[in-house]
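Contents: one structure, followed by commentary.
In this text the structure is predicted, and so the values were computed from the model without any measurement.
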Number of protein chains: 2
Amino acid sequence: MKMSSKARYGLYVSVELARRYNNQEIVTVSSLAQATGVTEKYLEQIIALMKKAQIVVSSRGANGGYKLTDEPSNISVGRILRAVEDNLQIVDCIHKDCANGCNCVSRNLWTKLQININSYLDTISLQQLLEDNL
Amino acid sequence: MKMSSKARYGLYVSVELARRYNNQEIVTVSSLAQATGVTEKYLEQIIALMKKAQIVVSSRGANGGYKLTDEPSNISVGRILRAVEDNLQIVDCIHKDCANGCNCVSRNLWTKLQININSYLDTISLQQLLEDNL
DNA sequence: ATTAATTCCTACTAATTTGCTAGGATTAGT
DNA sequence: ACTAATCCTAGCAAATTAGTAGGAATTAAT
């Protein structure tokens, strides 16, 4: 039960964008790659997931790049992680059918644990993460 | 961030042992395999982890098998999962050195999330899981 | 003693997932 | 036109997971 590198890098990227959020600065993938030490090509894929979840907005072409769609204090860490980490689900059977017909004793446990994790992550904003004020 | 099959099967096994805990019944792997639908050979490996964590005790030879070391109400789900799921750690860098010298902004987040997950799982006993009383 | 039933140990393998590389199409500013 | 950027998607290598397999060790029953 590990967080993927996408989750880790997604947070790096978000923090970096949060730092530069003032004055509508538009940030390129290449500068994010420099700041985080991850390759551009890989970051492109990660930030694409964030765009799909409307956490960032992009502008294409020369002078293009990305910026957050909202203030760092209005974006939760849970939202970011769910965007890049395939919904952050600890077991598939919460939303899909499982071999046991979805009524095994564990199901309820997984569901509650999932709720627990999500609610915790939703209470923490990107701003708080940036200030390390958790 | 998924639970492994070992985590899922480990809980099945535990619930089955909890059901048969009354009167010191000793349960064989083969009957656990029948009850859970998992192969004997794979369950052997999983239950070995539980033995190592002193959740079950074994008796060898003919008429041998396994039983819980304590009442189901005294064994937490967290303890079981940590035994079979390699400490249930969401990121390595909480306990190991990471490339960023262990002081990245996310580190504190992971630590707190980890504590959150463990404390939740530790509040739930095998007895509660069995009764689906979470 | 022999046999049968069981745990215990450990090596191997197949399938899946993850992490990343790569190439090029598309878009927009100068 | 040229350049700097996002966008799209295919592929691949490494790691991990999930499971198979064989047989040694142990013990109860006959």
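Within residues 14-32 of chain A, the residues approaching DNA chain D are A:Thr28, A:Val29, by heavy-atom distance under 4.0 Å. Contacts with DNA chain D (heavy atom under 4.0 Å) in residues 51-64 of chain A: A:Lys51, A:Ser58, A:Ser59, A:Arg60, A:Gly61, A:Ala62, A:Gly64, listed by number.
Side-chain atoms of A:Ser31 never come within 3.5 Å of backbone atoms of A:Val27 as a donor-acceptor pair (strictly under, hydrogens ignored). Judged by distance alone, the side chain of B:Ser106 and the main-chain N or O of B:Leu109 form no donor-acceptor pair under 3.5 Å. One N or O on the side chain of A:Ser14 and one on the backbone of A:Gly10 form a donor-acceptor pair closer than 3.5 Å. Of the possible polar contacts, one joining the A:Gln114 side chain to the A:Ile90 backbone as a donor-acceptor pair under 3.5 Å is found. Judged by distance alone, the side chain of A:Thr69 and the main-chain N or O of A:Val57 form no donor-acceptor pair under 3.5 Å. Using a distance-only test at 3.5 Å, with no hydrogens or angles considered, no donor-acceptor pair links the side chain of B:Gln128 to the main chain of B:Leu134.
Transitive grouping of hydrophobic side chains (ILVMFWY, heavy atoms separated by less than 4.5 Å) keeps A:Tyr21 and A:Ile26 in distinct clusters.
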Check nucleotides 9-11 of chain D against the protein and report each pair of N or O atoms closer than 3.5 Å, with its distance, or say if there are none.
none

Find every protein N or O atom lying less than 3.5 Å from an N or O atom of nucleotides 14-19 of chain C, and list the pairs.
unit_1, atom_1, unit_2, atom_2, d
C:dG19, OP1, A:Ser5, N, 3.2
C:dG19, OP2, A:Ser5, N, 3.1
C:dG19, OP2, A:Ser5, OG, 3.3
C:dG19, O5', A:Ser5, OG, 3.4

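Per the geometry, OH belonging to A:Tyr66 stands 17 Å off P belonging to D:dA4, to the nearest Å. As a whole-Å value, the separation of B:Met50 CE from C:dT7 P is 13 Å. Straight-line distance from the CD1 atom of B:Ile47 to the P atom of C:dC8: 9 Å, rounded to whole Å. Rounded to whole Å, the distance from CD on B:Glu40 to P on C:dT6 is 9 Å.
Defined by atom type and a distance below 3.5 Å, a donor-acceptor pair is missing between the side-chain atoms of B:Ser59 and B:Tyr66. Residues A:Glu85 and A:Ser4 have side chains that bring a donor and an acceptor to within less than 3.5 angstrom of each other.
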Sequence neighbours left out, cut at 3.5 Å: what donor-acceptor pairs do the side chains of residues 45-52 of chain A make with other protein atoms?
unit_1, atom_1, unit_2, atom_2, d
A:Lys51, NZ, A:Ser58, OG, 3.2

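Counting heavy atoms of neighbouring residues, nucleotides and ligands inside a 6.0 Å radius, atom CD of B:Glu25 exceeds 12 of them.
Counting only residues at least two apart or on different chains, the salt bridge (charged side-chain N to carboxylate O under 4.0 Å, His left out) pairs with a member in residues 116-134 of chain A are A:Arg82-A:Asp122.
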Working for side-chain contact (heavy atoms from CB on, under 4.5 Å), residues A:Glu71 and A:Gln127: CA-CA 8 Å; A:Glu71 293 182 1; A:Gln127 184 65 35; over 6 Å; no
